[in-house]
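Reading through the structure tokens given below for one structure.
Reminder, nothing fancy here: chain letters follow the sequence lines and each chain counts from 1.
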There are 2 protein chains.
Amino acid sequence: MLNTPSAPTILDVAARAGVSKSVVSRVLRGEYGVAVATRDKVRAAAQELGYVVNSVAQSMVTNRTRTIGVFVRDAAAPFYSQLLTSLQEQAAIRGYGVVTATGAGRFAGPDENTAIARLVSLRVEGLVVSSGLLPSELIAQYASRIPIVLAGRPEQNPTFSSIYCDENVGGASMADHIAALGHTRVAVLSLARETSIPQFMRSEAMIRRLGDLNIETLRLSAEEYSEARIAGAPAVVSQMLKHPEYTALLTPSDRWAIAVLENMRSRNLTAPGHLSVTGYDGIWPFTTDLIGLTTWRQPVGEIGVLAINSIADQIEGALSHPIHQSLNGELIVGRTGGPPPVR
Amino acid sequence: MLNTPSAPTILDVAARAGVSKSVVSRVLRGEYGVAVATRDKVRAAAQELGYVVNSVAQSMVTNRTRTIGVFVRDAAAPFYSQLLTSLQEQAAIRGYGVVTATGAGRFAGPDENTAIARLVSLRVEGLVVSSGLLPSELIAQYASRIPIVLAGRPEQNPTFSSIYCDENVGGASMADHIAALGHTRVAVLSLARETSIPQFMRSEAMIRRLGDLNIETLRLSAEEYSEARIAGAPAVVSQMLKHPEYTALLTPSDRWAIAVLENMRSRNLTAPGHLSVTGYDGIWPFTTDLIGLTTWRQPVGEIGVLAINSIADQIEGALSHPIHQSLNGELIVGRTGGPPPVR
DNA sequence: TTGTAAGCGTTATCAA
DNA sequence: TTGATAACGCTTACAA
């Protein structure tokens with residue numbers, strides 16, 4: 001704004017209280033060694049002026065910002081938005097604020113790099129990166145400077161930490177579940193690796209396990225770069241209709257499963273009556289009993305908590321090396337997966 | 001971290017390039033008046049050192065942070081989390097970053113004040129406040145310093161802006177809809193004003209309109225302070241069962257409607273077979289056709305865009321006074337609301 | 001218990 | 001085209 005009255009500084013408070021700025025600084029930070037009378041005078045002056053400390057100047061000298069940077073690729077995706085909430089909460093508990101940056105684009109590109117560089121330039125004390133795509137070299141580039149944790153993607157890079165839910169276990173469990181229901185021909189939607197590494201990994205894990213179980217597998221593919229609005233579902237369902245011998249469709253995200261189910265509904269197809277459909281992530285509210293989605297739950301809240309803790313521990317010196325933690329997920333048995341239809 | 005190699009400064013770059021820091025500053029900001037050879041030398045040096053500008057120091061002298069602060073009361077609530085995403089995106093478009101703070105507690109209390117003060121101390125250039133509770137005097141207190149917009153709550157305070165969706169129109173429309181379906185006895189869940197001002201307002205608007213239409217109205221109440229996990233639904237449904245002559249239940253949020261529907265499902269009750277249920281907010285994914293919720297859609301994306309624009313315009317001097325904008329919502333006719341059951 | 005003064009990493013002004 | 005030098009608002013020795 002052009003003519004905003006500039007905020008009062010420590011000097012204004014000092015002048016008003018009739019003391020030096022050092023005293024004000026000490027009072028405001030609650031340090032000892034200040035006469036009670038002086039202390040009260042200063043506090044009153046600060047109050048009257050509506051003084052709020054300038055953290056920018058403060059950081060300048062203390063070299064601390066008490067801020068953690070969070071980069072998520074697609075804030076509109078349910079998994080990320082829920083992670084964001086969890087990170088937020090835990091950061092507050094540990095006494096840190098959160099600055100968020102998001103990638104916009106379709107590919108991990110210069111934008112992503114700029115966004116991360118911006119966080120670093122803000123002198124965040126740690127970085128939580130959650131992107132299914134961002135190249136690990138790019139992340140590693142900042143790792144010598146501040147602690148970094150990659151949340152939600154397995155990556156055993158020694159220079160930064162990672163917290164994730166094992167994609168192989170999840171994918172295989174889902175395959176086991178669908179096999180146990182009696183399906184012998186199963187389709188798996190597998191997105192390109194360039195779309196999302198973890199989603200690619202889980203689909204491949206499903207396909208691998210189905211192969212081990214001697215189940216005939218159909219690999220479907222689709223391109224989709226934002227989880228928020230999935231457009232490819234009609235095409236996927238059409239594919240399935242061309243291969244009616246395949247009685248189940250395993251998708252790599254709840255969002256995909258819902259889009260498929262919505263499209264099926266518009267064609268008067270039901271799950272599992274016509275086709276069993278499963279999701280992945282187990283994110284509320286997709287797990288509502290009203291929908292009854294069969295899915296694999298990733299402990300997103302826990303991922304957030306552990307991510308912040310590992311960062312905070314490193315900042316505070318309680319942890320000196322990057323750690324890699326794999327968490328357990330959980331199969332959620334809903335009503336969209338069932339025995340194959342009798343034909 | 002204890003022994004992090006401290007980040008290279010402009011001085012390190014200057015030394016390496018064999019020039020003064022002033023030249024480095026000019027080169028890095030792309031200013032004219034630097035010899036091409038010098039420019040290249042400096043850029044190379046910066047690159048080699050992995051130099052990243054210190055925005056903290058930069059802000060110190062420019063007195064700009066290009067950052068907008070966002071305060072939401074409950075980041076886990078679908079409405080807020082979606083708003084957050086929209087704010088984020090639009091801020092990026094306008095060239096600003098976003099720092100988020102969230103209130104934790106049950107009441108608007110000192111926590112909230114601290115959180116806002118923290119944002120102000122970070123020298124954000126504007127503030128988006130989205131809380132159904134935060135007293136407007138508290139907000140106004142900072143309004144002389146930076147532009148503020150209250151998002152999602154009607155409040156005609158002259159010192160700051162507001163962008164919201166008219167609660168009276170929304171509540172009345174929902175009442176009209178349920179009346180048109182033929183209900184003559186309708187229950188409305190009305191939360192205490194202390195829980196959420198907008199939710200209170202819309203419920204009261206429903207009750208008022210139902211009264212105008214000579215419909216017998218039953219006011220139910222419940223306490224609930226976080227939208228994320230609603231615990232009061234079983235009690236509400238039990239209340240309804242005690243008053244079977246009431247054939248519809250209007251709730252003040254999608255979250256509440258879903259919780260009620262889930263509980264009904266567990267009791268083998270259907271909507272609208274046994275009871276018509278409506279939500280409010282119209283937030284995806286609650287609006288999925290799989291659930292078919294009847295609700296009132298608030299244009300949350302638009303609220304976010306307009307909120308950021310009004311802040312950015314004020315920061316940039318394109319707008320000199322706070323503005324108050326009321327947006328239109330939209331009735332979403334789903335399948336959870338229908339004609340009253342024939343008994 | 002209080003005050004003085006140096007310095008954090010930049011930008012910006014003014015000379016050279 | 002470049003380089004000194006003074007801010008910016010605060011913390012932090014150190015001196016009084």
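Rounded to a whole Å, the CD1 atom of A/I10 is 14 Å from the C1' atom of C/dT2. Atoms OH (A/Y32) and P (C/dT2) sit 16 Å apart, rounded to a whole Å. Atoms CG (B/L11) and P (C/dT10) sit 8 Å apart, rounded to a whole Å. Between the NZ atom of A/K21 and the P atom of C/dT4 there is a distance of 10 Å, rounded to whole Å. Distance B/N63 CG to D/dC10 P: 11 Å, rounded to the nearest Å.
Between B/I68 and B/V124 there is no side-chain heavy-atom pair separated by less than 4.5 Å. Within the 4.5 Å cutoff, the side chain of A/V52 has heavy atoms near those of the B/Y142 side chain.
At the phosphate of C/dT2, OP1 or OP2 sits under 4.0 Å from a side-chain N or O atom of A/T38. One finds no side-chain N or O of B/R39 lying less than 4.0 angstrom from the OP1 or OP2 phosphate oxygen of D/dT1. Taking only side-chain nitrogens and oxygens, A/S25 comes nearer than 4.0 Å to OP1 or OP2 of D/dT11.
Summarising the geometry, atom CG belonging to B/D313 is positioned 6.5 Å from atom CD belonging to B/E316; distances are rounded to the nearest 0.5 Å. Expressed to the nearest 0.5 Å, how far CG of A/L28 lies from OH of A/Y51 amounts to 5.5 Å. The structure places CZ of A/R39 at 14.5 Å from CZ of A/R26, a figure rounded to the nearest 0.5 Å.
Residues of residues 46-62 of chain B having a heavy atom closer than 4.0 Å to DNA chain C, listed by number: B/Y51, B/N54, B/A57, B/Q58, B/M60, B/V61, B/T62.
Other residues, nucleotides and ligands place more than 12 heavy atoms under 6.0 Å from the CD atom of A/Q156. Heavy-atom neighbours of A/D40 CG from other residues, nucleotides or ligands within 6.0 Å: above the threshold of 12.
Among the heavy atoms of the strands lying under 4.0 Å from A/R26 is at least one base atom, whether or not backbone atoms are also near. Nucleic acid contact class of B/T9 (heavy atoms, under 4.0 Å, all strands): sugar-phosphate only.
From one end of the helix from C/dT1-D/dA16 to C/dA16-D/dT1 to the other, with five pairs defining each end axis, the axis direction shifts by 40° (rounded to 10°).
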Quiz item: Step by step, would you call B/Q325 with B/S310 a side-chain hydrogen bond (donor to acceptor under 3.5 Å, both in side chains)?
Solution: CA-CA 10 Å; B/Q325 278 186 84; B/S310 102; over 6 Å; no
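Donor-acceptor pairing under 3.5 Å is recorded for the side chains of A/Q314 and A/S161.
Take the nearest nucleotide of DNA chain C for A/R123 and for A/G33: the residue whose nucleotide is more 5' is A/G33. Nucleotides of DNA chain C nearest to A/V19 and B/E31 differ in position, and the one nearer the 5' end is that of A/V19.
Remark: the A/S22 side chain and the C/dT4 base include a donor-acceptor N/O pair separated by less than 3.5 Å.
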